[in-house]
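So the structure is just underneath, and the comments pick up after that.
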Amino acid sequence: MIMDNMTITKQTEIAPKIFRIEVRGPLSKEMKNPGQFVNLRISKGIDPTLRRPISICDVDLENEMLTMIYRVEGKGTKLLSEKIVGEEVNVLGPLGQGFPVEAANQGNTCVLVGGGVGIPPLYYLGKQLVAMGVRVITILGFRTANDVFLEEEFASLGEVIITTEDGSQGIKGFVTDALKKLDGYDLYYTCGPKPMLRAVEQVATSPGYISLEERMGCGVGACLACVCDLKERDAETGKAYAKICTDGPVFLAGEVVL
Amino acid sequence: MIMDNMTITKQTEIAPKIFRIEVRGPLSKEMKNPGQFVNLRISKGIDPTLRRPISICDVDLENEMLTMIYRVEGKGTKLLSEKIVGEEVNVLGPLGQGFPVEAANQGNTCVLVGGGVGIPPLYYLGKQLVAMGVRVITILGFRTANDVFLEEEFASLGEVIITTEDGSQGIKGFVTDALKKLDGYDLYYTCGPKPMLRAVEQVATSPGYISLEERMGCGVGACLACVCDLKERDAETGKAYAKICTDGPVFLAGEVVL
Amino acid sequence: MSRIAVSLPGLEMKNPVMPASGCFAFGQEYGKLYDLNRLGAICVKAVTVEERRGNATPRVAETPGGMLNAIGLQNPGLEHVLQHELPWLEKYDTPIVVNIAGYSVEDYVQVAREISKVRNVNALELNISCPNVKEGGITFGTDAATAAHLTEKVKSVSDVPVYVKLSPNVTDIVEIAKAVEEAGADGLSMINTLLGMRIDLKTGLPILANRTGGLSGAAIKPVAIRMIYDVSQQVSIPIIGMGGIYEVDDILEFMMAGASAVAVGTANFIDPFACPNLIDQLEERMDELGIETLSSIVGRSSLCKSIR
Amino acid sequence: MSRIAVSLPGLEMKNPVMPASGCFAFGQEYGKLYDLNRLGAICVKAVTVEERRGNATPRVAETPGGMLNAIGLQNPGLEHVLQHELPWLEKYDTPIVVNIAGYSVEDYVQVAREISKVRNVNALELNISCPNVKEGGITFGTDAATAAHLTEKVKSVSDVPVYVKLSPNVTDIVEIAKAVEEAGADGLSMINTLLGMRIDLKTGLPILANRTGGLSGAAIKPVAIRMIYDVSQQVSIPIIGMGGIYEVDDILEFMMAGASAVAVGTANFIDPFACPNLIDQLEERMDELGIETLSSIVGRSSLCKSIR
Ligand SMILES: Cc1cc2nc3c(=O)[nH]c(=O)nc-3n(C[C@H](O)[C@H](O)[C@H](O)COP(=O)(O)OP(=O)(O)OC[C@H]3O[C@@H](n4cnc5c(N)ncnc54)[C@H](O)[C@@H]3O)c2cc1C
Ligand SMILES: Cc1cc2nc3c(=O)[nH]c(=O)nc-3n(C[C@H](O)[C@H](O)[C@H](O)COP(=O)(O)OP(=O)(O)OC[C@H]3O[C@@H](n4cnc5c(N)ncnc54)[C@H](O)[C@@H]3O)c2cc1C
Ligand SMILES: Cc1cc2nc3c(=O)[nH]c(=O)nc-3n(C[C@H](O)[C@H](O)[C@H](O)COP(=O)(O)O)c2cc1C
Ligand SMILES: Cc1cc2nc3c(=O)[nH]c(=O)nc-3n(C[C@H](O)[C@H](O)[C@H](O)COP(=O)(O)O)c2cc1C
Ligand code: FES
Ligand code: FES
């Protein structure tokens, strides 16, 4: 993990309030696995004070580029969306433990289940799985057709199933309505809002990995802001909790209390 | 007085830590007289929170341009000096009562006495006096030769006497050492640090006007942060004090307690 | 009644926003910039019996996300306010709140009696929390019994509702809030400034001539929200909330915390048009958040729902 | 002795900067980023007798120029700290300060007795100011007599100097400072966080699961400066100053106000290299301001000049 002033090379609104930002810098070479995130310092001063955690959506090692996709929620992401190409942003990362690609084997079928801004980290994961010879099926959940993003990108990796709450595109309902219809898959990876993760964990018929979100202070494991409870105490450390910023954000399904 | 997002058209360091900044916008047409100031909002957010008062150094009505000269003292002026051409700065002004040019008559001799960053407002004043057919002598005080700025500009208006504390240029000592040597002048105008103003008031052999500085809150006369005591209660308002931001910054010498 | 109107004892406000005392003088300066009738109410500078010259300068210092002030209750005194300042405000039909201060109970009582009789004064704000004067001010605001006693005396002579302005510089603000409610306060005003200091590194001395000053601005907002939330659970009189309001969301946050109206102070210095601008942004933001009427979000105990 | 070295009871610091308790865990995370020996000292997270699971999440919320936290003293408990955390720190030769908390006097005493015996522990920081736990914590810090009694008990069992960490959420912090000095405290640590709250406009509910939290960061700096200034005039034991330190000038401002050393908390979250970066900037800034040695600027009453 390093801190790097990365230069914004591209920033575009790809859906309402959803922005794709590309930054360049040596930090990109530090990426260990998909699902890791970075902590962005939005401004030089103290306003805002805290960094903003954003997942890595894609990495281009040759050109030292990172791609992130974020939704404008509040003050920080609003300010981030106003930054222009050429400006620098201070990035701390990569942080956390990502999705274990090695958990899948050549020939396996893996389902990627993403909801809203939980979708981005699954893309870099999908690319690596496909490269390993894994068959990838992607289920992406949105509120409405208008919000859909990254559909083509995932289509290039395999079958893509879209669900929308209002039925304006794909299956009407939630990602779980699509997941129910699938079977015979060996592994799933999911990222999205907690209620979705709970539902996916219940419906899924295979082992899987889930990625969590929590409000963070330090992002490096020192402040204990981002803890979640473990179903059972960790045998070696004796800890009853895990830190999402360093032990996570990705956990084996069933390992943590959702 | 209006509020205007003015565009920076020029910014240059004219002496160590001394910057000249030019901004364009309709606000410039509001200028009533030299010695008025503007209150600059340094950043969009709350950091820094307070505006920064800076005097008008020159006005170009046709091109709607204002020139200011400021020294980098702390946080706000540092941030201001980092702004680049094309950026906007929110300006509130023009504020306060400036130097009464009408106090001088054609053929009079006026002495302008400026110290450090008190010098800038005297330039626009000098230009107007000369235009009225007034003879202008300028005394500019600096710490050392390196700090000297605006010398040529004032030279174009008449005689200029430079004083430096270390004697590295012009007369060694303070502006009063130069002022003492002059006589037969009809009026003086002065701006600079308080100790200098006190000394000038004592040494001067004519009536004059002095421009004061004080830490400000609102800049519009509402918070009473910037008051100074009047030597005598104001006859009509009955007030025993004056607000530098609205009644000043310029006062008749002897009117206020320094 | 409009979506953004609020109603408090003595104050029928077309919107919940008033300038905070001391940040708006007696209205004349900002009256040059916009029509003061756009304000929900106007709260003027503290008034004392005698003219007060206030503290020496510097009287303000900047802090991260805020500022310190030590004006020292400078004001022209009761007589002048009665003869010049309040009459000037007669041309406006928006409610007027007068902040009153004193150095003894008698002082407060005299100012309250006379000011509350003025036709265009709708309410008094009893300032027992000024951190910048030795006697009076804050000393009345840090002890529940003293605060209650003063409130009772002032209430007994006031012809208009009395809002007691609480100091945040206390261990238990709820205790003091309950005591002044008990003593008859019609409402509360909170919070006044937090005691603070800045030091000039060049001299090693405090920047303010008064050494300490009152901290205001965005920096203190979470302290104000917490105190308003705690107090509003325990009292049934309405609260005028203030302390760091800077953007439209802050107004909604204060009201959800338990304020029935809000006051804006330091933000006027950042943008002299802050009050009208915030008012203009209210309805659009309410639409985004699906808020029907402002009064409906006031997070107050059922007891005082009535007065809203 | 170097220009930036400072000396406090039990703490010979090569520079005046230590991380603030709870913002640095037990050092292992930041130890991956830089050599902890660059720090003047290390102050670790609060330790209680039993393991504490802390509060529910969300535990942090952002505020203008600061943040709220309600971690709730989560820690692995005395045994684990003795067996795993403190031994790990043995590889460093910079002084170690352990922050101790409890829910009863007995708790504090037990933790103090055992921790103070550990070879690489140089001082205890008695946390009587945690605003985020119902029992214990802050309740010990808001009453002078209670604070003094606890201090006395802890002193009687501690083998190392004891710094009492004061809460700013009180009417009169000087009274409490004097009481704990009287009771034998070797030094003071101030300030802990101010009680605050943020509300989520979408839900109308507090953002923190604990509802209220402790306000830290630049926003509270002027409050810390004022309290340190006031207290340092009245006590003769040294003060470890903290509360909003973010840039190098802040360190000098705290010391001029009366702090003999400083702690940096929230700034570590803004920049994980904050502590070493600030330390590296000290001497250049001292040159600019013409400051010979840091200890010379500590604006303290002559009484305690000796211990510096
Ligand atoms: C590991 C991780 C990965 C993430 N990846 C992405 C991503 O790829 N794309 C994306 O759009 N969003 C992502 N998020 C959520 C993102 O961090 C928040 O939406 C963002 O921080 C909101 O900041 P703001 O300034 O817009 O909102 P504000 O309300 O101004 O934020 C205020 C504070 O709350 C925190 N906060 C608010 N919402 C969240 C949240 N949902 N999770 C964590 N902290 C929050 C902010 O970080 C900040 O400290 C991720 C969160 C985590 C924890
Ligand atoms: C009427 C008037 C006209 C001025 N004209 C000029 C000018 O033309 N050129 C120039 O270089 N300077 C001028 N000054 C001084 C200038 O306002 C300060 O140098 C500047 O505000 C310092 O801000 P800072 O952020 O650099 O310092 P900081 O220390 O960060 O400022 C912190 C706070 O203190 C205030 N402050 C600090 N020093 C002063 C000061 N000397 N006077 C008033 N407020 C101060 C700031 O406004 C701010 O609110 C003028 C001041 C006044 C009152
Ligand atoms: C310059 C200034 C002067 C003030 N004068 C008074 C006053 O006279 N009486 C009073 O009750 N409060 C006074 N206050 C406190 C404000 O009314 C308000 O309670 C406080 O500033 C918090 O609000 P804010 O953060 O929006 O400024 C003053 C505040 C400032 C900044
Ligand atoms: C996340 C977090 C956890 C904290 N935990 C503790 C603690 O366990 N014990 C303690 O005495 N103070 C604790 N504090 C308070 C800090 O030590 C410090 O007093 C306060 O944050 C002010 O300093 P700062 O503004 O530099 O952060 C904590 C602060 C934060 C932000
Ligand atoms: S954010 Fe600090 S421990 Fe995870
Ligand atoms: S700055 Fe507010 S009255 Fe002058």
Side-chain angles (χ1 to χ4, degrees), chain C residues 61-68 131 138 141-143 167-173 194-206 211-215 217-230 244 246-247 249-250 252-257 285 288-291 297 299, chain D residues 61-68 131 138 141-143 167-172 194-206 211-215 217-230 244 246-247 249-250 252-258 285 288-291 297 299:
Chain C
E62 192 173 57
T63 72
M67 66 176 280
L68 294 171
I138 203 163
T142 50
D143 174 64
S167 168
N169 302 294
V170 295
T171 307
D172 183 359
I173 196 166
L194 283 161
L195 264 175
M197 178 186 279
R198 280 295 317 280
I199 289 173
D200 181 339
L201 296 187
K202 297 200 186 87
T203 64
L205 301 173
R211 291 189 10 257
T212 62
L215 180 62
I220 70 172
K221 191 183 72 165
V223 175
I225 294 290
R226 171 245 148 185
M227 289 184 165
I228 290 166
Y229 181 91
D230 284 350
Y246 163 71
E247 51 200 3
D249 281 8
D250 298 331
L252 301 175
E253 188 173 2
F254 270 78
M255 295 186 79
M256 287 175 172
R285 189 58 177 138
E288 284 174 13
L289 292 165
I291 297 170
I297 67 169
Chain D
E62 192 173 57
T63 73
M67 66 174 281
L68 294 172
I138 202 163
T142 51
D143 174 64
S167 168
N169 303 293
V170 295
T171 307
D172 182 359
L194 283 160
L195 264 174
M197 178 186 280
R198 278 296 317 280
I199 288 173
D200 182 340
L201 296 187
K202 297 200 186 89
T203 64
L205 302 173
R211 291 192 6 261
T212 62
L215 179 62
I220 70 171
K221 191 182 73 167
V223 175
I225 294 290
R226 171 244 147 185
M227 290 184 165
I228 290 167
Y229 181 91
D230 284 350
Y246 163 70
E247 49 199 4
D249 281 9
D250 298 331
L252 301 175
E253 188 173 2
F254 270 78
M255 297 186 77
M256 286 175 172
R285 189 56 178 141
E288 284 173 15
L289 293 164
I291 298 171
I297 68 169

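Letters A, B, ... are given to chains in the order of the sequence lines, protein chains preceding strands, and every chain is numbered from 1. Only this structure's heavy atoms are used, side chains among them; waters, hydrogens and symmetry mates stay out.
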Review point. What part of C:L252 lies closer than 4.5 angstrom to a heavy atom of chain D: side chain, backbone, both or neither?
Key: both
**Study point:** Contact class of C:I199 relative to chain D, heavy atoms under 4.5 angstrom
**Key:** both
Revision key, fill the gap. Turns out that what part of D:L215 lies under 4.5 Å from chain C's heavy atoms comes down to side chain
Exercise for review: Determine the minimum heavy-atom distance between C:E253 and D:M197, stating which atoms define it.
Suggested key: OE2-O, 4.3 Å
Within this structure, what is the [atom1]-[atom2] distance for the pair [X] and [Y], rounded to the nearest 0.5 Å?
{"X": "D:I225", "Y": "C:T63", "atom1": "CD1", "atom2": "OG1", "value": "11.0 Å"}
{"X": "D:T171", "Y": "C:D143", "atom1": "OG1", "atom2": "CG", "value": "9.0 Å"}
{"X": "C:I220", "Y": "D:I220", "atom1": "CD1", "atom2": "CD1", "value": "13.5 Å"}

Option in [options] with maximal non-hydrogen atom pairs under 4.5 Å from chain D:
{"options": "C:G204, C:P206, C:P222, C:A219", "result": "C:P222"}
{"options": "C:G196, C:G217, C:A224", "result": "C:G196"}
{"options": "C:G65, C:G244, C:G290, C:A218", "result": "C:A218"}

**Study point:** Heavy-atom check, side chain of D:M256 versus side chain of C:L201, under 4.5 Å
**Key:** yes
Review point. Would you say the side chain of D:Y246 lies within less than 4.5 Å of the side chain of C:P64, judging by non-hydrogen atoms?
Key: no
Exercise for review: Under the side-chain contact (heavy atoms from CB on, under 4.5 Å) rule, collect the residues that match up with C:P168, sequence neighbours excluded.
Suggested key: C:I191, C:N192, C:L194, C:M227
Exercise for review: Could you pull out all residues at least two apart from D:E247 that satisfy side-chain contact (heavy atoms from CB on, under 4.5 Å)?
Suggested key: D:D250
